[in-house]
Each structure stands twice: as structure tokens, then as C-alpha cells.
Amino acid sequence: MQTLTNPEACVDAVIARVGKRLLLGAPLALGKPNHLLNAFYRRAKADPSIELSIHTALTLERPAGHSELEKRFLGPMVQRVFGNYPDLDYERDRMAGRLPGNVRVIEFYFPAGKYLATPSAQRDYTSTNYTHVARDLAARGINVVLQQVCAGVVDGRPRLSLSCNPDVTLDLITKQRAVERSGGPPVLAVAQLNDQLPFMYGDAEVAPEFFDFVVDDPQGSYTLFGPPKTSVGDADAMIGLYASTLVKDGGELQVGIGALGDAVTYALKLRHERNAQYLRALDALSVRERFGAELSCLGESAPFELGLFAATEMLVDGFMHLFDAGILKRKVYDDLALSRLLNEGRISEQIAPELLDLLRARRAIHSVLTEEDLVYLQHFGILQRSLRFQDERVVLPDGRAIVPDLADPVAHAALREHMGKTLAHGAVIHAGFYLGPQAFYQWLRDLPDAQRKLIDMRSVTRINQLYGHEEIDRLHRRKARFINTAMMFTLLGAAVSDALEDGRVVSGVGGQYNFVAMAHELPDGRSILQTRSTRLEHGQLRSSLVWSYGHVTIPRHLRDVMLTEYGIADLRGKTDEECVMALLNIADSRFQAQLVHEAKRHGKLREGYEIPAQHRRNLPESYARPLRELKRDGLFPAFPFGTDLSAEEQRLGRALRALKSKLGSPVGFASAIAGAARSGTPGADVEPLL
């Protein structure tokens, strides 16, 4: 490992090793070393003989706005929230259509909707499951892997942490180094230090020698990209409430970012911390009355006693709130015997004297302990670290050496005297990468080491699939609930989440398919896809439940549980007609008649069928009124976990969103202009906003 003091020197060193054909792999989102990427891009831009390909995903850019109004609104907030975060030069040029001919940017996931009108990004999009990214990058011959890291000391040794992004880097470097060892081209692993990153543990912790070059530039640290919280609307709150009823105590949870993720988190906290109010909300909104059968089959509504475990590709700030609330507390251990005993209720985290006998009976350890057995027992905190193995004996702290035969009452008693109090090296979260607001990063930095070690950052192939570690994952992921978001549902149970009918990519597949497929492989796991029942398209209201669509992300044969603000559709194992009927029950009533017509026209719904009366009132006012009453009691706030936006910015944001919605149609445009003409001189209350 060689330490360099600036990015330019690193570019020189890399080109000297691999030449001018640079195939760079960089993590998605936060893990990109922006200064280093900018140095490579500037060099390629100045030297056309360099062939540069940047392979990454989720390129993050400080919001700038398009119109003069948006720019004036965003300016102060961006400076306050994003600090000295450096934008990527290639992204500025790509958005302006100025990428030089010797540079390509190839991505597998986009910020939602950003590149719908950017042909170069659409052409250079790779559609792949998150678990296959390392494989696909390796096949393209990546020869330089770049990563933003932080430094620390663990047990007296200098260590580096991949922190926010061990997700693909670990697998990719492992694959490429194997190719290099078998006679393939050289591959370089390059890190840039950023002291703003929290030092994360688990697989994210590596030796400095993991990297060939480490750039330690005093000017290299910068503010982490922290997207501000968005408000949770009434429809979002309803979806979150329904989702919260499907999560089982003692189970596993995966949930995403954004308003819908916040809504789920808030409802889970409400269920746990203020259960009486939670139950009152369920009744006020007729949740149990309309979907009691689904709730009794799939979920629960009581507080969490055993707690939850999280296995999620993306660690979002919602998990921070669940952790602090004592909901996220079910520890899992990377050991089959301990995991089985915990799931069976034979043991707890508190170490009991009989644990040695239980592990011996399960053949996790030998009757006469070996040195490997002692290491195993000490790793999990079952025996104290003060014991040591020497000459086939265990040496006790007082100097006595015993033959560690568990069948010998004397030896057994001596070992029991030196057992630990609680199991060690457990985790309450397994995650592949993280992204969130500034408060979330500060929380991670401030966590005591012992608590931060409960968050095990690992490669995405260890998170998003069962293959290669299926037995232990099945034990960890009991009662799993994988909650993800879609854009549209078809009435036959397919989901549209990543692209439009014409092929343009909105975001990407990411890990959604992985989690849906995994839910079907776990005996008590469920995939829960959620969407708002309507959307605005060019100023017109459209149904998000459609008869069919020209592109799908999740095929109908993987249909499971689907949610809108109007309820729950349990589709697993149902016939096509049963799926159509269940989804009609959660569609907006303004579109139900047309959807019924289409289903009948295609022979998927019997001619005489009518939607039950209790589901024919699916209109926003059906939940808006009871929600208003609940909000008066302090429930379901617009920003349940705060926001980086000031009160003025929140007010302006609402006004600008309403204006943008109006301007999306000719009638709305005319109405807005007429309203402005009538409004007269602004009052003193709006002067600060202007």
C-alpha cells in the first residue's frame, strides 16, 4: 500500500501501472471519491489519448434547480445542507451534453427521473440486479476500483473502513484480484480518505493493504451528501399505517428511503410507543374493519417485545429511529448452532451455564475442547478472553492448567466459572450501503463503538440473496418483511418500478427483484410492494393501477402483497380473477369502473361482478377527514423525523409544488395566471419569502 498526498499524483501512479485505457469502477451514491474522480476526468478531458470509462450508479449532485424560481428557492438551503460537497465534473458535462468522445459514464441505477431527457445516460444504462453488478463489472474488465474510506485503529492496529459502501467493492476487488493472479491484467484498488465518514465495522473493516494506493489529502475531506427529508403526505401516511400492521414481532425488516419509508417507520414507532393511539388510528381509519382478514393472517398490531432485525441493502435513517426506539433490537449471530438455539427459545443473549452442554450436544464444539473450540467460544463471548490454550490444556487466569473435558465434572465446573455474561459479536443490522440526511451521519459518528458494531456492513451478495449462505440467512430472516416501492401495479399483479413503457429508465432495478424473489423462498417471508394509487402525468390525474403496461420490473408470477393508501391486496397463490378483485379493492374509485371494464373485456373478471360497497368509496376525502382529527392530537405530522428545511422553506416548497402542478396543464396554467393577476400587492407576511 502506497500513500499519496493528492489526487493528481494518484492519477500519475495509476496510469503508470495500467496505462491509458482506464476502466474505473466506483461505488453508487456516497462512496464515490469525488476529488479523485474529478482528477481522472480532468486528465482524460485534457488528453484525448486516454480512454476513460466510469462504471458506477446513483451519481449524486447538489440540487441547482431549472427555473429562476427553483434556483432562488434552493440556493440558501443547498449551501446550508451540502456545505463543501464537491460536484462531479463528469456529471455537469453529461447534463450539459458536453462529455468528450473519449469518456463514457455507464450506470446501473439513476436518481429517480433525472435522466429521462438525457439520451447519453439512457444509452449507457446497464439493466442488472444489484447482486450481479460485481460480476458484470468484472466482465467489462474493470482495472481500477475507487472508493472513499475513513481510517481508524482497531485493537491497536491501523484499519480502514469502506464505511458507506462495502456493497460492490468487496466482491469486485476479490473477483478482479483472482483474474490478476491467474495471469490476467493488473487491477488497482485506490482509496481516498474522508474523515467525515463514520468508521463502520463488519466486512467494511479492512487492512490498509487491501488498497494499492491511499490518497491522504488534507483538503480531501468534505461534507457528505445528505438529501433533505421530504414531507409525508396523507396518502403516504395511510400506506405506512397499512404496512406497519404487516410486520411481525421477532421478525426481519427491509424498508427504503423517502416519504413512504418515513411513513412506515413512523407507524411502527407509533405502534410500539403509543399503542393505544395506534389502535385508535386503525379504527378511525377503518383499517381493521376493511382488511381484518389480511391483518390477522399476515401481521400484528401489538408493541414489539422481541424486536426486529434488519437486513437491508440500503441503511436509511428510518432504522436509526427504530434503533433508538428499542424496536430494532433482535440480535443475530453468524453461527448456525447459536442461531438455531435462539430461534428455538432454548437460549437468550444472556449466557446460561448449560450453554456449553447445548453446544456440545449440537456438535458445535467437541467434548474435549480444541484450540479452535476455545477461539470460537471466546469470539462469541461464551468463555472469557483470559483463558488460553497451551499443550492441549486450557490455562486459567490463576495459572492452573486443565484438560478441557466437558465430561469431567471438575473441568466442566472450572470452565463454567469463567463464562461470559452475554453473547458477543451479534448484529441488529446487516446493510450494504447507507445514505440519509446529515443528522443520520452525525448519529452514526456519535454512536459508541459497541453500538456501532451492532451494524454489520457487508457486501450486497450477502444481503440481497440467499445463495452461498442460505442456511444461516434462513435462521436470521424469519418472518421477513421486505417493503419496497413501485410506480404502478397491473391488475394481474405485476409491478412497474424502474422504467417507462417506451424503455426510458426512471431509476433502476437495484435490489427490488432480489428481495421479492427471496421473500418467496423464505417459508414465512413476504414481499410488500407499495404505491400511491394515483399520479399526476402532464397535469392530469392518472391511476397507478392499470390493466397492463409495456414494461414490468416484477413479473406477475412473483406477485405477493401490494399496498396503496386504500388498503392491502394479498395476492400470493391467488387466481388471476382473485388478484384482479383484490387490486380493484385498493384502486382509486375514480378509475375503478374503467378498470372493471378492462378486466371483463379480457375475460379475467366475471360479467356480473361488482366491487363490494365498502371499497367503492376509495377517495382522498375518505381518509383525509379522520386523519385531520388524528393530526389535531399530534399524530401523523408532515415531517415526523424533522427536516433540514426551515419553516419558510417548507411553506415555499408547498407553494412551488402547487404552482408546478397547476402549470402542468393548459387549464391550470390559465388559472394560475388569472389568480396572479387578481392577487394584487403581496402582504408583509410573504415579504421574507419573496
Side-chain angles (χ1 to χ4, degrees), residues 27-35 37-38 57-89 91-92 95 110-114 148 150 163-165 192 194-198 200 219-233 236 256-263 265-266 314-321 324 433-447 507 637-657 660 688-690:
L28 88 169
L30 208 60
K32 294 179 183 60
N34 287 16
H35 291 311
L37 276 167
N38 282 343
L58 205 58
T59 293
L60 302 173
E61 183 182 29
R62 290 156 60 107
H66 300 289
S67 68
E68 183 64 22
L69 270 178
E70 287 180 338
K71 290 175 181 176
R72 288 172 62 182
F73 169 68
L74 289 169
M77 182 273 291
V78 168
Q79 188 58 41
R80 187 178 69 250
V81 174
F82 294 92
N84 67 339
Y85 174 83
D87 279 331
L88 288 154
D89 292 343
E91 182 64 358
R92 289 174 175 165
M95 294 305 293
F110 293 158
K114 183 177 181 181
Q148 183 174 222
C150 59
S163 189
C164 54
N165 282 91
Q192 177 180 335
N194 185 344
D195 61 17
Q196 293 299 300
L197 284 170
M200 304 304 290
Q219 307 301 316
S221 293
Y222 54 81
T223 304
L224 303 180
F225 190 97
K229 306 293 287 182
T230 54
S231 62
V232 176
D236 305 326
I257 198 169
L260 285 173
D262 285 350
T265 301
Y266 174 79
M314 185 178 187
L315 178 62
V316 297
D317 64 300
F319 291 108
M320 166 183 74
H321 298 294
D324 286 344
F433 76 101
Y434 63 75
L435 182 66
Q438 296 298 335
F440 177 47
Y441 304 144
Q442 192 61 51
W443 178 79
L444 288 172
R445 287 189 286 261
D446 290 344
L447 273 179
S507 53
F639 291 97
F641 305 115
T643 177
D644 290 315
L645 302 177
S646 68
E648 290 81 5
E649 287 164 344
Q650 292 177 45
R651 186 178 172 193
L652 276 170
R654 289 192 294 270
L656 291 173
R657 280 196 300 272
K660 190 170 185 177
L689 308 182
L690 294 173

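Because only heavy atoms are used, hydrogens play no part in the values below, and waters and symmetry mates are left out as well, while side chains stay in.
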Once rounded to the nearest 0.5 Å, what's the spacing between atom CD of E91 and atom CG of L37? 11.5 Å
Quick check for you: to the nearest 0.5 Å, what is the distance between L30 atom CG and Q148 atom CD? 6.5 Å
So, do N38 and D87 sit near enough that their side-chain heavy atoms are less than 4.5 Å apart? no
Report yes if the side chains of F641 and M320 come closer than 4.5 Å at any heavy-atom pair, otherwise no. no
What heavy-atom pair brings Y434 and M200 nearest, and what distance separates the two atoms? CE2-CG, 3.8 Å
Determine whether R80 and Q438 make a side-chain contact, defined as any pair of heavy atoms from C-beta on separated by less than 4.5 Å. no
Under 3.5 Å: donor-acceptor pair, side chain of E70, backbone of A64: no
Taking the side chain as every heavy atom from C-beta outward, state whether F82 and P228 have any atom pair closer than 4.5 Å. yes
Backbone N or O of T223 within a donor-acceptor pair of the N84 side chain at under 3.5 Å? yes
Please examine the side chains of V316 and F440, heavy atoms only from C-beta on, and report whether any two atoms are closer than 4.5 Å. no
When the ring planes of H35 and Y222 are compared, do they come out parallel, tilted or perpendicular, using 30° and 60° as the limits? perpendicular
Quick check: do C164 and L435 have side-chain heavy atoms less than 4.5 Å from each other? no
Locate the shortest heavy-atom distance separating V232 from P640; write the atom from each residue and the value. CG2-CD, 3.8 Å
Looking at P227 and G436, what are the two nearest heavy atoms and their distance? CD-O, 3.5 Å
Separation of S163 OG from L197 CG (nearest 0.5 Å): 4.0 Å
Rounded distance [0.5 Å steps], CG in D236 versus OG1 in T230: 7.5 Å
Please find the pair of heavy atoms, one from S221 and one from D195, that lie closest to each other, and give the distance. OG-N, 2.9 Å
Taking the side chain from R62 and the backbone from F225, do they hold a donor-acceptor pair closer than 3.5 Å? no
Q196: partners by side-chain contact (heavy atoms from CB on, under 4.5 Å), with sequence neighbours left out: N194, L224, R445
Holding to side-chain hydrogen bond (donor to acceptor under 3.5 Å, both in side chains), I want the full list of residues that pass it with K229, two or more places apart in sequence or in another chain. D262, D317
Can you measure from CG (N34) to CG (L88) and round to the nearest 0.5 angstrom? 4.0 Å
So does E61 pair up with K114, basic N to acidic O under 4.0 Å? yes
Is a side-chain donor or acceptor of T265 paired with a backbone partner of G261 at a separation under 3.5 angstrom? yes
May I ask you to test the P111-L58 pair for a side-chain heavy-atom distance under 4.5 Å? yes
Quick check: closest heavy atoms across Y441 and P198, and the distance to 0.1 Å? O-CG, 4.0 Å
